[in-house]
Every structure is written in C-alpha cells, then in structure tokens.
Number of protein chains: 2
Amino acid sequence: MSEPTMSGAPRRRTWQRDAVRDALGERDGFVSAQALHAGLREAGSPIGLATVYRALADLAADGAADHLQVEGEALYRACGSSGHHHHLICRSCGKTVEIGAAEVEAWAKAVAAEHGFREAEHVVDVFGLCSDC
Amino acid sequence: MSEPTMSGAPRRRTWQRDAVRDALGERDGFVSAQALHAGLREAGSPIGLATVYRALADLAADGAADHLQVEGEALYRACGSSGHHHHLICRSCGKTVEIGAAEVEAWAKAVAAEHGFREAEHVVDVFGLCSDC
DNA sequence: TTGATATTGAGAATGAATATCAATACTATC
DNA sequence: GATAGTATTGATATTCATTCTCAATATCAA
Ligand SMILES: [Mn+2]
Ligand SMILES: [Mn+2]
Ligand SMILES: [Zn+2]
Ligand SMILES: [Zn+2]
C-alpha cells in the first residue's frame with residue numbers, strides 16, 4: 001500500500017499532500033475521499049482524485065488519520081490523539097468524538113482468549129445523533 | 001430495499017429463497033453474496049446473482065441473518081440467536097462465535113449519553129485467529 | 001382456475017477504489 | 001546552482017461489488 005517506501009526512503013513533501021492534510025483538518029467529522037476531493041476542487045485546487053486517495057491512505061498508515069467504513073464507503077478523519085482509540089459519531093452531521101475505553105479493550109481481549117482466538121483485533125464504533133442534530 | 005412490501009403483503013415463498021437460506025445455514029462463518037452464489041451454481045442451481053443479493057438482504061432485514069462489512073465487502077451469516085449480539089470472527093477460516101456482552105452494551109449507551117448523543121447504535125466486532133488456524 | 005402482483009434474472013448501469021504509465025516534482029549530492 | 005535518481009502525480013482505463021431495468025414467470029388469495 002504505502003509504507004515509507006519499499007526502499008525505506010522518506011515520504012516526499014508535496015503541496016498535494018499538504019492540501020489533503022489541511023483539508024482533512026478543517027473538517028469536523030469523517031469524510032470520504034470523493035467528498036474531500038470535490039471540496040478541494042471547488043476551492044480551486046487542481047489536485048487529482050487518485051492523489052487524494054493515496055494521500056489519505058498514507059495519512060492513515062502514518063497514524064495521522066483515522067479510518068472507518070460505513071455503508072461500503074471508506075471515511076477518513078484527521079487524528080490528533082496518538083494511540084489506540086475509538087469514535088462516537090453523529091449519523092447526521094458527522095461530528096465525531098474520540099473515545100478511549102480500557103474496559104472495552106479488556107473485554108475484547110478476554111472474549112478472544114476465552115474462545116482460543118489469538119492476535120485479536122476489534123472494531124468498535126458508536127453512532128448516534130449529536131445534541132445539534 | 002426490501003421491507004415486507006410497500007403494500008404490506010407477506011413475503012412469497014420461492015425455491016430461490018429457500019436455497020439461499022439453506023446454503024447460508026450450511027456455512028460455518030460469514031460469506032459474501034458472490035461466494036454464496038458461486039457455491040450454489042457449482043452445486044447445480046441456476047439461481048441468479050441478483051436474487052441471491054435480494055434474498056440475503058431480506059434475511060438480514062428479517063433478523064434471520066447477521067450482516068457485517070469487511071474491506072468494503074458485505075458478508076452474511078445465518079443467525080440463530082434472536083436479539084442483539086456481536087461476533088468473534090476468525091480472520092483466516094471465517095469461523096464465527098456469537099457473543100453477547102452486557103458490559104459493552106452499557107458502556108456504549110453511557111458513552112453516548114455522556115456526550116449528549118441520542119438514538120445510539122454501535123458496531124462491535126472482534127477478529128482473530130481461531131485455534132485451528 | 002384465475003387475477004393481481006411479488007419475484008426472478010440476464011444484462012446494463014452505477015460508483016468507489018485501484019492500476020497504468022508517461023510526465024513531473026523532490027531531494028540528496030556534488 | 002546544476003544534476004541525477006526516484007518518488008509522486010494525474011488523466012485515463014479498469015476492476016469489481018452492488019444495484020437497476022423490465023419483460024417473463026411464479027406465488028397465493030379468492
Ligand atoms: Mn479498542
Ligand atoms: Mn452490542
Ligand atoms: Zn450531529
Ligand atoms: Zn480459523
């Protein structure tokens with residue numbers, strides 16, 4: 001996909017990557033690559049769609065963006081907090097709250113072990129309607 | 001999509017729907033519509049792809065099938081237990097264990113309320129490698 | 001048996017995401 | 001600053017899951 005580069009070279013800095021990072025940072029909640037690209041174009045940027053897809057994938061790989069799938073569409077969001085965490089997302093406006101939950105982590109680990117599963121990972125997202133919607 | 005029917009009519013019984021329900025029941029874990037259709041055709045059934053998609057959507061709507069998305073693909077699984085529950089899924093062979101978790105339910109509800117979100121729902125899935133893999 | 005209509009399915013259409021690949025932009029190095 | 005090696009870009013083609021179309025058919029209540 002897009003690790004630093006097969007040869008270990010660093011990631012080059014381009015105005016396209018900056019544009020994607022900035023545009024993502026200006027959004028409140030999760031956005032699709034398509035939507036972000038449309039927004040950039042409307043703002044006058046000539047950036048290409050494929051580039052937006054690649055930049056988002058890189059940001060996610062670098063931990064600078066969170067990623068989730070809803071209704072078969074990949075959504076991204078600028079991620080400040082480092083480390084493992086989850087999200088509380090507004091179904092209507094997309095507003096998102098980052099949440100950590102030690103109890104859920106412990107539960108997931110325990111459930112997996114209990115049934116003989118190893119290398120356990122988990123997907124935990126909470127959706128609802130925020131107070132503004 | 002596939003509610004009972006706009007006019008409230010019941011769901012008609014067809015060999016196609018039975019075939020999909022049966023094929024799904026014979027599988028251990030989650031399957032895609034494509035895979036299930038391929039399996040049915042291999043077994044000699046002339047059932048159409050669109051019909052498999054529709055039957056699976058109906059089963060899910062009726063609560064007779066569980067549904068989840070992984071890597072942009074919709075997966076289905078025959079669901080015995082009624083009521084809300086989650087899954088522990090083997091990444092490799094697809095083996096699945098249904099799990100209920102009152103603690104996670106309570107946590108999700110509390111987190112949503114804490115941030116002023118209402119009508120909260122949640123997605124909770126645990127993936128790992130089962131003891132056979 | 002019959003009529004109203006839900007269901008089916010082959011093929012077309014949609015749409016997100018990825019692959020191509022020549023042109024271009026970065027960066028380290030001199 | 002000039003240069004070379006290569007990562008990046010993007011218009012375009014392509015893939016692939018899923019949905020749509022709509023005429024033909026099957027189901028079921030009466
Ligand atoms: Mn977690
Ligand atoms: Mn739950
Ligand atoms: Zn909202
Ligand atoms: Zn397994």
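Naming: A, B, ... by sequence-line order, numbering from 1 per chain. Worth saying up front: this structure is predicted, and the values here are computed from it rather than measured.
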Pair A:R21 + A:E26, salt bridge at N-O below 4.0 Å: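 Salt bridge absent between A:R21 and A:E26.
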N-O pairing of B:R11 and B:D62 below 4.0 Å: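 Salt bridge present between B:R11 and B:D62.
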Atom [atom1] of [X] and atom [atom2] of [N]: how far apart are they, to the nearest Å?
{"X": "B:L36", "N": "D:dT18", "atom1": "CG", "atom2": "P", "result": "12 Å"}
{"X": "B:L56", "N": "D:dT18", "atom1": "CG", "atom2": "P", "result": "10 Å"}
{"X": "B:H37", "N": "C:dG11", "atom1": "NE2", "atom2": "P", "result": "12 Å"}
{"X": "B:D18", "N": "C:dT8", "atom1": "CG", "atom2": "C1'", "result": "15 Å"}
{"X": "A:E73", "N": "D:dT19", "atom1": "CD", "atom2": "P", "result": "14 Å"}
{"X": "B:R12", "N": "D:dC28", "atom1": "CZ", "atom2": "P", "result": "7 Å"}
{"X": "A:Y76", "N": "C:dA16", "atom1": "OH", "atom2": "P", "result": "14 Å"}

How far apart are the C-alpha atoms of A:H86 and A:V126, what are their side-chain angles, what is the distance that settles it, and do they pass the side-chain contact (heavy atoms from CB on, under 4.5 Å) test? CA-CA 8 Å; A:H86 299 277; A:V126 183; over 6 Å; no
Would you say B:L49 ends up clustered with B:V31 if hydrophobic residues are merged whenever their side chains have heavy atoms under 4.5 Å apart, either directly or through other cluster members?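 Not linked; separate clusters.
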Between B:I89 and A:F117, is a side-chain contact (heavy atoms from CB on, under 4.5 Å) present by the stated rule, with each step listed? CA-CA 9 Å; B:I89 306 150; A:F117 281 60; 5.9 Å; no
Show, in sequence, the C-alpha distance, side-chain angles and deciding distance for B:R77 and B:E98, and conclude whether the side-chain contact (heavy atoms from CB on, under 4.5 Å) test is met. CA-CA 11 Å; B:R77 175 173 182 276; B:E98 299 196 337; 3.0 Å; yes
5'-most by nearest nucleotide on DNA chain D - B:R13 or B:Q69: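 The residue whose closest nucleotide sits nearer the 5' end is B:Q69.
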Heavy-atom pair with the smallest gap, counting every atom of B:V52 and B:A33: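 Closest pair (atom of B:V52, atom of B:A33, distance): CG1-O, 3.8 Å.
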Stem list for DNA chain D, please, built from Watson-Crick and G-U wobble pairs under 3.5 Å and keeping only runs of at least 3.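 Stems (3+ consecutive pairs) listed as C:1-30 with D:1-30.
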Please work out if A:A74 contacts a base, only the sugar-phosphate, or nothing of the nucleic acid, heavy-atom cut-off 4.0 Å.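 Contact class for A:A74: sugar-phosphate only.
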Can you label the angle between the A:F30 ring and the A:H87 ring as parallel, tilted or perpendicular, going by 30° and 60°?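 A:F30 vs A:H87 ring planes: perpendicular.
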Expected string for nucleotides 9-16 of chain D under the B/S/- scheme (protein heavy atoms, under 4.0 Å, primed atoms plus P, OP1, OP2 as sugar-phosphate) is BB------
Would you confirm whether B:R17, through its side chain, and B:R12, through its main-chain N or O, come within 3.5 Å as a donor-acceptor pair?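 Yes.
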